[in-house]
Each structure stands twice: as C-alpha cells, then as structure tokens.
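Report on one structure; see the data block that follows.
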Amino acid sequence: MLLGPPGAGKGTQGKALAQRLGVAHVASGDLFREHEAEGTELGRLAKSYMDRGELVPDHVTIGVVLQQIHDPDCAKGYILDGFPRTLEQAQALDKALGEWGEAIDLVLYIQVEEEELVRRLGGRLTCESCQAVYHRDHSPPKVEGRCDVCGGTVCQREDDKPEKIRQRFRVYQEQTAPLVEYYRCQGKLKEVNGDGSIQEVGQALRAAVAG
Ligand code: AMP
C-alpha cells in the first residue's frame, strides 16, 4: 500500500512498482475517473466530490475497491494507491482481507514537503483517457494537449486547481493522516523520503520493499 499526501507520487511510483513486481495497480482515483470517462452513474457521483476536492463517501469507495481487488487480475497481488483514505476504509479493508485469509504486507508512507507538493500538483497535467501524468514545466507532452501514450486529451484536472489543492490537503490532514499511526501500530509502516526525483524515490521504495 502506498500512503501519502496528494502529489507525493503514489500514482507514478505505484504503476512502476506494480510493473516491476508483476502485480496489479489499484488506484481508487483512477477507478473513479474511468467511470467518469465511461459516463456511468457512479462516475457522475464520484465527479461531484472529486471536483470539490472532497472524498467520495466511504460506502461507495469501499465497494468499488473491494470489488476490484477481488478480481482475478489481482490474484497475484496488488499495490493499493489512494485507498484507504479514512479510518473506516482501513477497517473495512482489514475486515474483508481477514475474511478472505489475506492481509496487507507493507505500507509505504511517502513523505514530501508541502511546498514541493504544491509545485508538483500545480503544474500537473493528466490524460483524460489513459491517466498518463505530465508536468507543464518538467515533462510536458510532445504535442501540446495530446497524450504521448494514447493520443488522448491532456489537461489540468479540475481538482489540481489551486483552491482545490488546498482543500485536498485539508482533507488529507484531517481524514487520511491518522492512518499513518493506524498502520504504524500494526507494525506495517515504512517511511520513505519522497522529495527526490522520480528515479530516486523509486529506488528508495524498491529498497524498502526488498528490505
Ligand atoms: P487521486 O487520483 O488519488 O488523487 O484521487 C482523486 C480524487 O478521487 C480524490 O480527491 C477523491 O475525491 C477521490 N478518491 C480517490 N480515492 C478515494 C478514497 N479512497 N476515498 C474517497 N475518495 C477518493
């Protein structure tokens, strides 16, 4: 599981780590945005919360993610990214995994200075179709507004606008940060410095998984 504030690099690192370990990457935000792109009712509901920088209600989120990790794609294991984000979600996850005879192996807590988070999120651009991530200044798409990977439309996420970023930080501090202690008490937490480059943080995460 990857735990950390918005902009810590959970998505980028989660995808890379999952590929390396040969397991699935389960990102609750991606699941909601996929539903949004498909125009489902769940997608519309999730969007109304996401656009405000608020959390999608627990009962909805828990159902979506538990269903996903029960999928055959996850049989060999998975990296959870962006879930759980509340104590209720963490407890529901523990309960479900317990019933399935499974458990979370490791929680990697990625720590990043708030100034750096604002810089990253403020310049972040995302592909509406495949969720590939770019940065306006450091790694823009080759053709402006077009995804290098799939040709989809690349733009700023509604919740990456400045006032929404502040709201997401507030939500993180109030609802998600308590999970650090929750998993520390379970003896599963490892802290990783997330301030470096993508490569440096990736290496630190791999070392934490190996050791
Ligand atoms: P992310 O892509 O992880 O930054 O998530 C984007 C948005 O999706 C969040 O700001 C929430 O509105 C929603 N979301 C993602 N994961 C969760 C979760 N575990 N619980 C509630 N809402 C979530």
Side-chain angles (χ1 to χ4, degrees), residues 1-18 24-38 40-69 78-97 104 107-110 112 114 116-135 154-180 182-183 194:
M1 178 189 301
L2 296 180
L3 191 61
K10 300 187 296 295
T12 304
Q13 299 295 348
K15 269 184 214 149
L17 201 54
H25 174 230
V26 177
S28 40
D30 287 355
L31 291 173
F32 290 139
R33 282 184 293 274
E34 278 160 26
H35 272 277
E36 184 191 330
E38 286 164 14
T40 68
E41 199 170 318
L42 171 67
R44 275 191 293 279
L45 175 84
K47 180 175 163 49
S48 66
Y49 290 93
M50 292 165 84
D51 283 355
R52 293 197 301 263
E54 291 173 10
L55 294 185
V56 178
D58 282 335
H59 69 278
V60 177
T61 306
I62 290 166
V64 169
V65 176
L66 289 186
Q67 189 184 358
Q68 185 69 23
I69 60 182
Y78 45 85
I79 305 249
L80 282 175
D81 157 7
F83 180 91
R85 259 177 159 98
T86 66
L87 211 48
E88 189 172 338
Q89 292 177 14
Q91 287 163 343
L93 176 66
D94 277 350
K95 184 164 174 281
L97 292 179
I104 294 296
V107 179
L108 297 167
Y109 170 38
I110 310 179
V112 182
E114 187 159 330
E116 170 67 8
L117 294 172
V118 173
R119 194 185 65 76
R120 288 185 192 174
L121 290 174
R124 180 161 78 175
L125 301 170
T126 307
C127 172
E128 283 182 350
S129 305
C130 76
Q131 321 270 344
V133 173
Y134 302 87
H135 191 281
V154 170
C155 55
Q156 184 176 49
R157 270 168 49 177
E158 183 60 33
D159 60 347
D160 280 343
K161 299 197 169 144
E163 68 282 7
K164 307 292 168 55
I165 292 176
R166 276 192 292 278
Q167 166 68 3
R168 285 162 68 204
F169 283 157
R170 261 199 301 277
V171 168
Y172 173 79
Q173 285 305 339
E174 283 167 18
Q175 306 201 53
T176 310
L179 296 184
V180 171
Y182 179 83
Y183 288 111

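First listed ligand is number 1; within each ligand, the first listed atom is number 1. All values derive from a computational prediction rather than experimental measurement.
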Taking only heavy atoms of Gly29 into account, list the atoms of ligand 1 that are under 4.0 Å away from them. 2 (O), 5 (O), 15 (C), 16 (N)
Counting heavy atoms under 4.0 Å, the part of Lys10 that contacts ligand 1 is neither
Any N/O of Val56 closer than 3.5 Å to an N/O of ligand 1? yes
In Ile62, Asp94, Thr176, Leu93, the residue satisfying side-chain contact (heavy atoms from CB on, under 4.5 Å) with Pro84 is Leu93
protein heavy-atom neighbour closest to atom 20 (N) of ligand 1 works out as Gln89 NE2, 2.9 Å
Tell me which protein heavy atom sits closest to atom 12 (O) of ligand 1, plus the residue, atom name and distance to 0.1 Å. Glu54 O, 2.5 Å
Structural part of Thr61 in contact with ligand 1, heavy atom criterion under 4.0 angstrom: side chain
Number the atoms of ligand 1 from 1 as they appear, then name those within less than 4.0 Å of a heavy atom of Ser28, with their elements. 15 (C), 16 (N), 17 (C), 19 (N)
Identify the residue among Ile69, Val107, Leu3 that makes a side-chain contact (heavy atoms from CB on, under 4.5 Å) with Leu80. Ile69
What's the verdict on side-chain contact (heavy atoms from CB on, under 4.5 Å) for Arg120 and Val112, showing C-alpha distance, side-chain angles and the deciding distance? CA-CA 11 Å; Arg120 288 185 192 174; Val112 182; 4.1 Å; yes
Hey, is the main chain of Asp51 close enough, under 3.5 Å, to the side chain of Lys164 for a donor-acceptor pair? yes
For the 3.5 Å polar cut-off, considering only N or O atoms, please tell me whether Arg157 and ligand 1 meet it. yes
Donor-acceptor side-chain pairing of Gln173 and Arg170 below 3.5 angstrom: no
For ligand 1 and Asp30, I'd like to know whether there is a polar contact (N/O to N/O, distance under 3.5 Å). no
Checking contacts here: is it the side chain or the backbone of Lys164 that comes within 4.0 Å of ligand 1, counting heavy atoms only? Could be both or neither. neither
When you compare ligand 1 with Arg124, is there at least one nitrogen or oxygen pair between them that comes in under 3.5 angstrom? no
Using heavy-atom distances only, which candidate in Arg168, Glu36, Met50 approaches atom 8 (O) of ligand 1 most closely? Met50
Taking atom 9 (C) of ligand 1 as the reference point, the nearest protein heavy atom with its distance: Arg85 NH2, 3.9 Å
Under 4.0 Å from one or more heavy atoms of Arg33, ligand 1 contributes atoms 2 (O), 6 (C)
Would you check whether Arg52 reaches within less than 4.0 Å of ligand 1, judged by its heavy atoms? no
Is there any N or O on Gly82 that sits under 3.5 Å from an N or O of ligand 1? yes
Cation over ring face, Arg52 and Tyr49, 6.0 Å, 45°: yes
Find out whether Thr61 and Phe83 are in side-chain contact, i.e. whether some heavy atom of one side chain is under 4.5 Å from a heavy atom of the other. yes
Kindly determine whether Gln68 and Tyr78 satisfy side-chain contact (heavy atoms from CB on, under 4.5 Å), including the steps that lead there. CA-CA 10 Å; Gln68 185 69 23; Tyr78 45 85; over 6 Å; no
Out of Phe83, Tyr49, Phe32, Tyr172, whose heavy atom is nearest to atom 14 (N) of ligand 1? Phe32
For the side chain of His25 and the backbone of Leu17, is there at least one donor-acceptor N/O pair under 3.5 Å apart? no
Kindly say whether Gln131 contributes a backbone atom to a donor-acceptor pair with the side chain of Arg33 at under 3.5 angstrom? no
Between Gln89, Gln175, Arg85, which is the residue that forms a side-chain contact (heavy atoms from CB on, under 4.5 Å) with Asp58? Gln89
